There are 2 protein chains.
Amino acid sequence: MGDGSPVRVVLVDDHPVVRAGLRALVDGQDGIEVVGEASDLASAEEVVDATRPDVVLMDLNLGDGPGGVEVTARLRGLPGPPNVLVLTTYDTEADILRALDAGAVGYLLKDAPPDQLFAGIRATARGETVLAPSVAARLVRRTAAPGPVVTEREVEVLELLSRGLGNREMARELLVSEATVKSHLSHIYTKLGVDTRAGAVAAAIERRIIRSGA
Amino acid sequence: MGDGSPVRVVLVDDHPVVRAGLRALVDGQDGIEVVGEASDLASAEEVVDATRPDVVLMDLNLGDGPGGVEVTARLRGLPGPPNVLVLTTYDTEADILRALDAGAVGYLLKDAPPDQLFAGIRATARGETVLAPSVAARLVRRTAAPGPVVTEREVEVLELLSRGLGNREMARELLVSEATVKSHLSHIYTKLGVDTRAGAVAAAIERRIIRSGA
DNA sequence: GGCGGCATCATCCGATCGGCTATCCGGGTG
DNA sequence: CACCCGGATAGCCGATCGGATGATGCCGCC
């Protein structure tokens, strides 16, 4: 890689220690320059607007308030938007799908080796799609899946379920009837091989379909 | 702080990126030297045995296998054990209590400012107890609590609950009758102000009484 | 020694859940 | 154009849950 112009990177993560660590790790790395940091939606928009980076390294878990998915969508809505590379801990289907849907061009996990991160940042700057192996595998298994795959609507139900709602409340939340919710639940039970709502939540977390609560 | 002898630190975290980031952040910092890294129980014992550090920076989430609590307990069982400073993302009651119980002398969160981390490492080396403000607050509120506090047994029930077990299964797991489980559940509902098992799991996660699944 | 908190166990009963079956509609596919 | 799938809806019924009430034994504490 020629360093005719370095890749300008902004970090978005709500943990100061992680930000500082990432900055120490990638800043100055062959052809990479960290030009800003942010911890939430407001500061991210501000910093990106001010620094106009090539790449945004995005954590999905930003504590309270809008998460990394929302921030990604907002940044992609800006004129001349940066390429967003998600760097997070979890590889649940829901997270991956939403992040890519929001306009992220890459999805790496924090347990990736540093070299992969550096290469990923450079590739992201070029607009290439970068996926961690486990993420790619999950996507492949999703599209070319032989076995039972929960549908998008079912994922929504699973998430409400993990938040502790009853059928009546879920129905209200999803703007459908209780019967429909029960129908979704039945399909979910069958697909996950369980027979209780709590068991479904456990299985969904186990299979990385949803990520629970906190 | 005089640097008559630097504080020798070993990092334990299953994420290479985080380890590298932490090393870049704290190594060389006034009076602090990183002398080793580990990602699991086996490598931690090996590295600590070989380097005999003053402080071990311990993540509680080590992916599969034994967690940071177990590793802490094992390290503390060694002759001339290092002082363990927990550095993690979560501050649930269950995590805090178990970590301190296992012999950790400090508990910081990854969202702490770097300066607090440096100071915490030095304090830990001197054997002083270092607690993040939110952790200290939680402990205080626990002992000097006026309001409803879930008991240890109730926490056990909540954890089984979050794993999706039914009353019958929980009873078998806890070696008690179903009636007892129902009794615990009723108390939990009252204390958490909910009325369903899924709601209890959500509230318990919300209040950081338990941490869910993954 | 009494009092309260915790854990244990037991009923009873109304509310909710979970399984089963069946219908309807819209969108994509052979 | 049939066909299938995902989504939405409905009723029925046995199983489970959640609430109320009450009782026993073991602690630690004043």
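Quick caveat, the model's predicted, so the values are computed rather than measured. A note on names: the letters A, B, ... follow the listed sequences, proteins ahead of strands, and every chain is numbered from 1. Values below: every heavy atom of this structure, side chains too, minus hydrogens, waters and symmetry copies.
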Atom-pair distance (CG on B:L185; P on D:dC17), nearest Å
9 Å

Which nucleotide wins on minimum distance to the side chain of B:A179, given the candidates C:dC9, C:dT16, D:dG6?
C:dC9

Taking for A:G166 and for B:T180 the nucleotide of DNA chain C with the nearest heavy atom, the one nearer the 5' end belongs to B:T180

Distance check needed: C:dA10 P versus B:N167 CG, whole Å only.
14 Å

Distance test, side-chain N/O of A:T196 to OP1/OP2 of C:dG18, below 4.0 Å:
no

Hey, does B:S183 reach any base, or is it just sugar-phosphate, or nothing, if we go heavy atoms under 4.0 Å?
base

A:V56 and side chain to side chain contact (heavy atoms under 4.5 Å, CB included): which single residue from A:T124, A:V12, A:L87, A:L11 fits?
A:V12

If I compare all heavy atoms of A:Y107 with all of A:T88, which pair ends up nearest, and what's the gap?
OH-CG2, 3.5 Å

Select base, sugar-phosphate, or nothing to describe what A:H184 touches, counting heavy atoms under 4.0 Å on all strands.
sugar-phosphate

Take the protein atom CD of B:E152 and the nucleotide atom P of C:dC6, then report the distance between them rounded to whole Å.
12 Å

Roughly how many Å is it from NE2 in B:H187 to P in C:dG5, rounded to a whole number?
11 Å

Have a look at B:R197 and tell me which of B:L165, B:V157, B:L161 forms a side chain to side chain contact (heavy atoms under 4.5 Å, CB included) with it.
B:L161

When you get a sec, tell me which of D:dG7, C:dC17, D:dT9 is the closest nucleotide to the side chain of A:E178?
C:dC17

Within this structure, what is the CD1-to-C1' distance between B:I188 and D:dG18, rounded to whole angstrom?
13 Å

When you measure from the side-chain N and O atoms of B:S186 to the phosphate of D:dA20, is any distance below 4.0 Å, counting only OP1 and OP2?
no

Heavy atoms under 4.0 Å, any strand shown: does A:S177 hit a base, just sugar-phosphate, or nothing?
sugar-phosphate

Pair A:R153 + A:E156: basic N to acidic O under 4.0 Å
yes

Interatomic distance where NZ belongs to A:K182 and P belongs to D:dG11 [whole Å]:
11 Å

Send over the distance from A:L174 CG to D:dG6 C1', rounded to a whole Å.
15 Å

Nearest to the side chain of A:Y189, which nucleotide is it out of D:dA8, C:dG19, C:dA10?
C:dG19

List, one per line, each side-chain donor-acceptor pair under 3.5 Å for residues 65-80 of chain A, sequence neighbours excluded.
{"residue": "A:E70", "atom": "OE1", "partner": "A:G67", "partner atom": "N", "Å": "3.3"}
{"residue": "A:T72", "atom": "OG1", "partner": "A:G68", "partner atom": "O", "Å": "2.7"}
{"residue": "A:R74", "atom": "NE", "partner": "A:E45", "partner atom": "OE2", "Å": "3.3"}
{"residue": "A:R74", "atom": "NH2", "partner": "A:E45", "partner atom": "OE1", "Å": "3.4"}
{"residue": "A:R74", "atom": "NH2", "partner": "A:E45", "partner atom": "OE2", "Å": "3.3"}
{"residue": "A:R76", "atom": "NE", "partner": "A:G103", "partner atom": "O", "Å": "3.4"}
{"residue": "A:R76", "atom": "NH1", "partner": "A:P82", "partner atom": "O", "Å": "2.7"}
{"residue": "A:R76", "atom": "NH1", "partner": "A:N83", "partner atom": "OD1", "Å": "3.4"}

Grab the CE-C1' distance between B:M170 and C:dT8 for me, whole Å please.
16 Å

Within the pair A:R197 and D:dC17, is there a side-chain N or O less than 4.0 Å away from OP1 or OP2?
no

